[in-house]
K.L.:
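Encoded as structure tokens, here's the structure I'll be asking about.
So you know, we letter chains A, B, ... as the sequences are listed, proteins then strands, and number each from 1.
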Number of protein chains: 2
Amino acid sequence: MFKRSFLKELAGKEGIGVRFLEEQLKRGRVVVPRNKKRKISKPVAIGEGCRIKVNTNIGTSTQKMSVDDELKKIKVAAESGTDTIMDLSVGGNLGRIRKQILKESCVAVGTVPVYEVAFDAERRGASFEKINFNDIMDVLKRQAESGVDFFTIHAGILKSFISAIKRRKRVGGIVSRGGAILARWMYVNKKENPFYENFDKILELAKEYNVTLSLGDALRPGAIADSTDDLQISELKVLGTLVKRCREAGVQVIVEGPGHIRLDEIAVNMILQKKLCDRAPFYVLGPLPTDIAAGYDHISASIGGAIASFYGADFLCVVTPAEHLRLPSLEDIRDGVIASKIAAHSVDVLRFKDEWKKDYQLSLYRARRNWEKLFPLTIDEKKARKYRKVKSNFTDMCTMCGKFCSLKIIEKCDLLK
Amino acid sequence: MFKRSFLKELAGKEGIGVRFLEEQLKRGRVVVPRNKKRKISKPVAIGEGCRIKVNTNIGTSTQKMSVDDELKKIKVAAESGTDTIMDLSVGGNLGRIRKQILKESCVAVGTVPVYEVAFDAERRGASFEKINFNDIMDVLKRQAESGVDFFTIHAGILKSFISAIKRRKRVGGIVSRGGAILARWMYVNKKENPFYENFDKILELAKEYNVTLSLGDALRPGAIADSTDDLQISELKVLGTLVKRCREAGVQVIVEGPGHIRLDEIAVNMILQKKLCDRAPFYVLGPLPTDIAAGYDHISASIGGAIASFYGADFLCVVTPAEHLRLPSLEDIRDGVIASKIAAHSVDVLRFKDEWKKDYQLSLYRARRNWEKLFPLTIDEKKARKYRKVKSNFTDMCTMCGKFCSLKIIEKCDLLK
């Protein structure tokens, strides 16, 4: 699937052996999202044995359509260390926006094609309730051809679930946009999910372009009261069968996961996914262990993301402070990416010597108040420098402890490494 | 120790039975910090079976001495939901500052008396290396008499540890200010820790004023490379013996804990403390699972704090974005308190019906986009409202999804609770 030289470079960046990477790729435990049509200057491997990766969602909405804003977000997200980008645009000229995003992004780009399918229908004056698989296939081909590296496909929500969804009456309802579109479509048309029914055709296309499939969790809980419910697990089981079909077809696949999850259920969610989906890479949207932190959901997500990563999640979707409230600003994007990176690093530091070294080295410098060597090792050098500088012009003193610096007090005792 | 009517009110606020509270207090598994000399309008119970509590550190440094700034911080911390305040002032007129803080604070106030002891010595032109127990006792009496509700006492770092500290050569050194002062004092004077040697006298005073003792962890790791090391555990064992002595003397006691802790060692740290200290309330300073997040340590602390709370921590010390860099601003205090509250709530929501109801109710409103009922349930109503308002004047639409709102799409399907 990939050239050895390419994999060698990738393995080098991960600090893992190339043979191990090849083996993991072969078994589907690791994927490298990368459309054949596109060159990515910063490709990444995602999955078991690799560093935890981070994705940032950007994209216009029907209320905010500036491409320039979204391109700036890509820049900020990349500077902050995102590993991939998802373009979730649903406003403006989607084709043109995507083209620019693919051009500007140094990292892999994913999309949720059903958005464009629904958007096209609405633009034609029709309703997304009337779409058929031809409409879907047109969009999939167009997007694959344009170079999209991974697709979120909501093929796991089935017609037979609709009655269960009605019975369940979830607290948070359906919070996946793609999931809602498909649930509504099946509810109105009384037909099977077209993504599921035509999954083989999607596989053919994905294979042709080496588009990685990200199996969307249409029924992810949108409230901790709904977490790990029968709907979520039913869909996960279907996703497990789809993983198998992807692998048989030679298509790279990852699985999307929740969402809002009670803290005490995060571990079990990770273990269940790995079990039911034969250790396919797990891409989690949060998870958020509380629903009440609107304005600070990047912090909830960092708690959930760290615990999830520890128990097996491979790929964290950035949640910004704007989640649940508005389209994120540039600052929101930065805060969100960094919060996810902290969660990821908190686990990577336990597993990768190079990550461990960062903390080790920084702490050695900190014990000596060697600020100039310390700053480049922090997660956001600019912010750390700015904080330290504000009203503090003391070469070896900070406004926090002033003269009573514990490190200075013991310095003369010969107690340091 | 406390009147029944007082405990009844406290138990009511916690949503626990008053008998259970009494039993927990008697066994020392819960404390209520409250100096006999002081009325607190918002007293709290801290420990097993109660909601996770949050403490905010404020106080002047030798570089920043404005009392007004610190009083403003108390206000912001209280608005953001702090349960206690610690005055760590080491600059200006400490007595006057403390008096004002005690007057302004509606919650319990703690101090680290050794700071004032060292400060007084320096003011006299002497070094803190020359202090003796009389100096310490003077400060303790003065502070108890002024109404301080809890003291951090670093009585667990012993003379015999000094050689081990030298041998160990920790990466992060000693990061407890009190711990560093005492380590240096013992190193220079070759005498036993005066807090340890005179612990009975401290107990007498604490008993007289009902000052709760918080046993400081002088040897808490300041780098994840040092976490759970022999020094930390040696001190914890001493703290366990001191807990016993406090209980025998009828003095309320809590134990302070780390610090910088590898994520995979957080659980074991909580279990060890509960075991070695006979389930005394555990007050953790973070913990931080990574050292590299300067500028964002409130986020690291919320990851560590949530995991710690889940495994038994009872009391979280707020870490602000300014940690390791400067004295916190008002905004830093708010961000820090809220991050800790999110960590605490993520665990409380699993244990307390009233907490669960908040998330449940908010999610019901969210599914109906009932913003006006949703906002008051968020952790920071002001911020949530501000975010939602920015460039978004759509009554039932937000800039995030615009027309493609999953909740609106499925509304007509009768799928909601």
Side-chain angles (χ1 to χ4, degrees), chain A residues 61-64 90 165-166 169 171-175 177 180 183-184 187 223-225 263-264 289-295 299 302-303 306 325-327 339 342 345-346 350 358-360 362-363 367 378-380 383-384 387-388 392 398-400 402-404 406-407 409-410 413 415-417, chain B residues 61-64 90 165-166 169 171-175 177 180 183-184 187 223-225 263-264 289-295 299 302-303 306 325-327 339 342 345-346 350 358-360 362-363 367 378-380 383-384 387-388 392 398-400 402-404 406-407 409-410 413 415-417:
Chain A
S61 87
T62 53
Q63 309 306 315
K64 293 191 82 181
V90 287
I165 298 173
K166 285 181 76 168
K169 294 211 183 301
V171 172
I174 295 181
V175 294
R177 271 196 275 184
R184 177 79 193 154
Y187 180 84
I224 57 170
L263 190 139
D264 59 351
T290 169
D291 306 340
I292 67 165
I299 293 178
S302 76
I303 294 172
L325 295 169
R326 71 171 192 211
L327 215 60
I342 291 172
H345 177 75
S346 296
L350 309 173
K358 286 182 200 167
D359 292 63
Y360 187 91
L362 183 146
S363 289
T378 58
I379 202 151
D380 181 357
K383 187 174 183 187
Y387 258 62
R388 164 104 179 125
S392 162
C398 71
T399 52
M400 183 154 241
K403 285 200 301 185
F404 291 100
S406 65
L407 298 165
I409 290 170
I410 58 155
C413 304
L415 304 178
L416 282 175
K417 196 162 192 100
Chain B
S61 86
T62 52
Q63 309 307 314
K64 290 190 84 181
V90 287
I165 297 171
K166 286 181 76 168
K169 295 213 186 295
V171 173
I174 296 182
V175 294
R177 270 195 276 182
R184 178 77 191 153
Y187 180 84
I224 57 170
L263 192 138
D264 59 351
T290 169
D291 306 339
I292 67 165
I299 293 178
S302 76
I303 294 172
L325 295 169
R326 70 170 191 211
L327 215 58
I342 291 172
H345 177 76
S346 297
L350 309 173
K358 287 181 200 166
D359 293 62
Y360 188 91
L362 184 145
S363 289
T378 57
I379 203 153
D380 181 356
K383 187 174 184 189
Y387 258 62
R388 164 100 180 127
S392 160
C398 71
T399 51
M400 182 152 241
K403 285 200 300 185
F404 291 99
S406 65
L407 297 165
I409 289 170
I410 58 153
C413 305
L415 303 179
L416 280 175
K417 195 161 194 102

K.L.:
How many angstroms lie between atom OG of A:S346 and atom CD1 of B:I224, to the nearest 0.5 angstrom?
P.N.:
8.0 Å
K.L.:
How close do B:K383 and A:G295 get, counting heavy atoms only, and between which atoms?
P.N.:
NZ-O, 2.8 Å
K.L.:
If we define contacts as heavy-atom pairs under 4.5 Å, which of B:I292, B:T378, B:I342 has the most with chain A?
P.N.:
B:I292
K.L.:
Would you name the heavy atoms of A:S406 and B:I174 that are closest together and state the gap between them?
P.N.:
OG-O, 2.9 Å
K.L.:
Below 4.5 Å from any heavy atom of chain A, which atoms of B:I299 appear? Answer side chain, backbone, both or neither.
P.N.:
both
K.L.:
If you measure from CZ on A:R184 to CD1 on B:I409, what distance do you get to the nearest 0.5 Å?
P.N.:
9.5 Å
K.L.:
Do you know which two heavy atoms are closest between B:S363 and A:A223, and how far apart they sit?
P.N.:
OG-CB, 3.3 Å
K.L.:
When you measure from the side chain of B:D359 to the backbone of A:D291, do you find a donor-acceptor pair of N or O atoms at a distance under 3.5 Å?
P.N.:
yes
K.L.:
Select, from B:S302, B:A293, B:A339, the one with the greatest count of heavy-atom pairs under 4.5 Å involving chain A.
P.N.:
B:S302
K.L.:
Rounded to the nearest 0.5 Å, how far apart are OG1 of A:T290 and CD1 of B:I379?
P.N.:
7.0 Å
K.L.:
Determine the minimum heavy-atom distance between A:L407 and B:G172, stating which atoms define it.
P.N.:
CD2-O, 3.5 Å
K.L.:
What are the two closest non-hydrogen atoms of B:I303 and A:A306, and how far apart are they?
P.N.:
CG2-CB, 3.5 Å
